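Below is one structure; the comments refer to it alone.
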Amino acid sequence: MQTLKGMFDIIDERPYYALIRKTIESVAAQFHVKKIETPLLEATELFHRGLGDGSDVVRKETYTFEDRGKRLITLRPEGTASVVRSYIEHKLYALPQTDQSFYYEGPMFRYERPQKGRFRQFYSAGFERFGSASPAADLEVIQMAHKVVTQLGLEVTVEINSLGTARKNEYIDALKAHLKPHLKELCPDCQARFETNPLRMLDCKIDLENSAFLSAPAPEAFLSQEEAVHFEAVKNGLSHLKIPFIVNPKLVRGLDYYTQTVFELKVSESLLGQQNTVCGGGRYDLLVKELGGPDVPAVGFGFGLERLVVALKALDKEVKDLSLDVYIVVLGPVFNEALAVATLLREAGFSVKVHPQEAPLKTQFKQVEHEKAHFALIIGEEEIKSHVYPLKDQVHGGEQKVQADQLIHVLSSHGDAHAK
RNA sequence: GCGGCUGUGGCGAAGUGGUUAACGCUCCGGAUUGUGGCUCCGGCAUUCGAGGGUUCGAUUCCCUUCAGUCGCCCCA
């Protein structure tokens, strides 16, 4: 038996996930963002309406099936649609707080061919902010994303672009009109994208140098006056926040709901290969309405946790795993006494493991070493009689005899023991 | 969905159409019955991802399949 294709058990990587989640939590707290948890399963329709029927994610990557009541349901492929659904369902827009933010973290599912930093069940975390159309909202959202990755110790490039809103379709039409005469010169992928996802053509790695692309209209030309001002304000604001960025006119996001500002955070390809986008986001001013809510603007982003993990590992970033304070080595049939001591120490806040059966000291001390225990405490029949235990400090070296009633005191006096 | 590469013990890794599948690490036991890390001795793959085929004989050749990996599409 083994995991399904593209699925994985998190064991050795747990500390990385813990670190990332903790970092996200602390940044969220700084911005007073509440956590929201939504179900993994949603009505299929939510994603069709939210992400767009034409998007690849919906067309061929969702885990969709009928439940026993013949309802068509889908394992969520991303987080935003669910959060928006929740926002509308609970009429959060009617709350007196008009500017509301949420963050989420959890598993997402996409039926794709796995590769580096890409899986069928993967974990993402995201922030969503509802109620403000101001560039300041965009700025804080980008700042949060940037803060999370820099706090993790990763160097990222921030790329931004603006797709516009009102004239987004007009831009797409112009782009198609421009490229249509050149269609035959383009790669097969682009010919397909011409119909399914024209904006994506701009991102093509093959036709990069094609003259038709070089002369293609830029999205910026199709921004309304107001949107152009908004985009300028975002760029300006990033400079004020001292967040370096580059404007990438070819940056288009894969999901249909994005409007106006879009951005991605990328790490060096040397860390992640081609899947080097660790965070993507932008505005989705029409989505709330599209999903049946009022006309509420919103902006957000999502992280791919696996990609952050891969990047952190590539950097040899040290992460702390759970540490063990005391390993109790037993000599002879002394389990009751050993467990009693362990119980006392645990109640005092130490993490303690007891060797579970009699074994040669050599074997037990090897375990002490493998467990990276701070202290080894030896309990045998002599100790039980005398109430004095040998205590070895595995970190600083040395062994001392400690009176039973002094144990907690001695352990606590060590600064890096983990008593709470 | 498409293409390249890979698949040998817990991990890393050699190898060959023919009888006992190297080696390193880890692990287990002992030298050393109350103090590990060094050293020495001994042990640990009825089996080479799975299924089928060719063959007197397959881990080795062929087919299929599964999985991993890298890239494309797409995306986090």
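These numbers come from a predicted model, not from an experiment. Just so we're on the same page: letters track the sequence lines, and every chain starts at 1.
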Both distances below 3.5 Å, Watson-Crick or wobble geometry, any strand: find the nucleotide opposite A50(B). U64(B)
Are the ring of F303(A) and the base ring of A76(B) both nearer than 5.5 Å at their centres and tilted by less than 30°? no
Taken to the nearest whole Å, NE2/H370(A) to C1'/C28(B) is 12 Å
How do E78(A) and M7(A) order along RNA chain B: which one's closest nucleotide is nearer the 5' end? M7(A)
Between T363(A) and C28(B), is there a contact of a side-chain N or O with OP1 or OP2 at under 4.0 Å? no
Heavy atoms only, 4.0 Å cut-off, all strands: where does Q364(A) land among base, sugar-phosphate and nothing? nothing
Whether E66(A) and R71(A) form a salt bridge (side-chain N of Lys/Arg under 4.0 Å from carboxylate O of Asp/Glu) is what I want to check. no
So K362(A), base contact, sugar-phosphate only, or nothing? Heavy-atom distance under 4.0 Å. base
When both distances are under 3.5 Å in a Watson-Crick or G-U wobble arrangement, the nucleotide paired with C23(B) is G12(B)
Is there a Watson-Crick or G-U wobble partner for G71(B) with both distances under 3.5 Å, and which nucleotide is it? C2(B)
Quote, to the nearest angstrom, the C1' distance that separates G42(B) from U35(B). 24 Å
U64(B) to C27(B) separation - P atoms, rounded to the nearest Å: 43 Å
Ignoring hydrogens and geometry beyond distance, is the side chain of R113(A) in donor-acceptor contact with the base of G3(B) at under 3.5 Å? yes
Separation of C74(B) atom P from L251(A) atom CG, nearest Å, is 14 Å
Please measure how far the C1' atom in G15(B) lies from the corresponding atom in U60(B), and state the result in whole Å. 9 Å
When we call it a touch if two heavy atoms are under 4.0 Å apart, what does E358(A) touch: a base, just sugar-phosphate, or nothing? nothing
Do Q30(A) and K147(A) get their side chains close enough for a donor-acceptor pair, meaning under 3.5 Å? yes
Take atom CD of E105(A) and atom P of A76(B), then tell me their distance rounded to the nearest Å. 16 Å
When you compare C28(B) with G36(B), how far apart are their P atoms, in angstrom units rounded to a whole number? 15 Å
What is the separation between atom NE2 on H396(A) and atom C1' on G37(B), rounded to the nearest whole Å? 18 Å
Same-atom distance (P) from A13(B) to G49(B), integer angstrom: 14 Å
Heavy atoms only, 4.0 Å cut-off, all strands: where does F119(A) land among base, sugar-phosphate and nothing? base
Under 4.0 Å: is that the gap between some side-chain N or O of K60(A) and OP1 or OP2 of G1(B)? no
Any chance the rings of F127(A) and F301(A) have centres within less than 6.0 Å? yes
Suppose you measure atom C1' in U8(B) against the same atom in U47(B); what distance do you get, rounded to whole Å? 9 Å
Aromatic ring centroids of Y63(A) and F65(A) under 6.0 Å? no
Once you apply the 3.5 Å cut-off to both distances, tell me the Watson-Crick or G-U wobble partner of A45(B), or none. none
Check: Y17(A)/E306(A) side-chain N/O donor and acceptor closer than 3.5 Å: yes
Side chain of E369(A): nearest nucleotide among U35(B), G37(B), A76(B)? G37(B)
Answer with base, sugar-phosphate or nothing: what part of the nucleic acid does G397(A) contact at a heavy-atom distance below 4.0 Å? nothing
Pairing partner (Watson-Crick or G-U wobble, both distances under 3.5 angstrom) of C40(B): G30(B)
Nearest-angstrom distance, C1' atom, G29(B) to G17(B): 39 Å
Across the strands shown, which category fits V278(A) at heavy-atom distances under 4.0 angstrom: base, sugar-phosphate, nothing? sugar-phosphate
Aromatic ring pairing F8(A)/Y123(A), orientation class (parallel under 30°, perpendicular over 60°, tilted between): perpendicular
Need one value for G126(A): base, sugar-phosphate or nothing, where a base atom within 4.0 Å counts as base even if backbone is also close, heavy atoms only. nothing
Assert: residue with more 5' nearest nucleotide on RNA chain B, out of L4(A) and G304(A), is L4(A)
Which is true for Q394(A) with a 4.0 Å heavy-atom rule: it touches a base, it touches only sugar-phosphate, or it touches nothing? base
Rounding to an integer number of angstrom, what distance separates G10(B) and C5(B) when you compare their P atoms? 28 Å
Output the rounded distance in Å from CG (L51(A)) to C1' (C74(B)). 13 Å
Round to a whole Å and report the spacing from CZ of F122(A) to P of A76(B). 8 Å
Are side-chain N/O atoms of E264(A) and T277(A) paired as donor and acceptor at under 3.5 Å? yes
Distance-only, no hydrogens or angles: does the S124(A) side chain make a donor-acceptor pair with backbone N or O of E78(A) under 3.5 Å? no
No-H, no-angle donor-acceptor pair, K116(A) side chain to G71(B) base, under 3.5 Å: no
Given A76(B), U35(B), U69(B), identify the nucleotide with an atom nearest to the side chain of P114(A). U69(B)
Rounded off to whole Å, could you give me the CZ-to-P distance for the F8(A) and U69(B) pair? 10 Å
Which nucleotide, G30(B), C70(B), A76(B), lies nearest any side-chain atom of R307(A)? A76(B)
I'd like to know if R110(A) reaches the base of C74(B) with its side chain such that a donor and an acceptor end up less than 3.5 angstrom apart. no
Would you classify S124(A) as touching base, sugar-phosphate or nothing, given that sugar-phosphate means primed atoms plus P, OP1 and OP2, and contacts are heavy atoms under 4.0 Å? nothing
Is Q115(A) near enough to C70(B) that one of its side-chain N or O atoms lies under 4.0 angstrom from OP1 or OP2? no
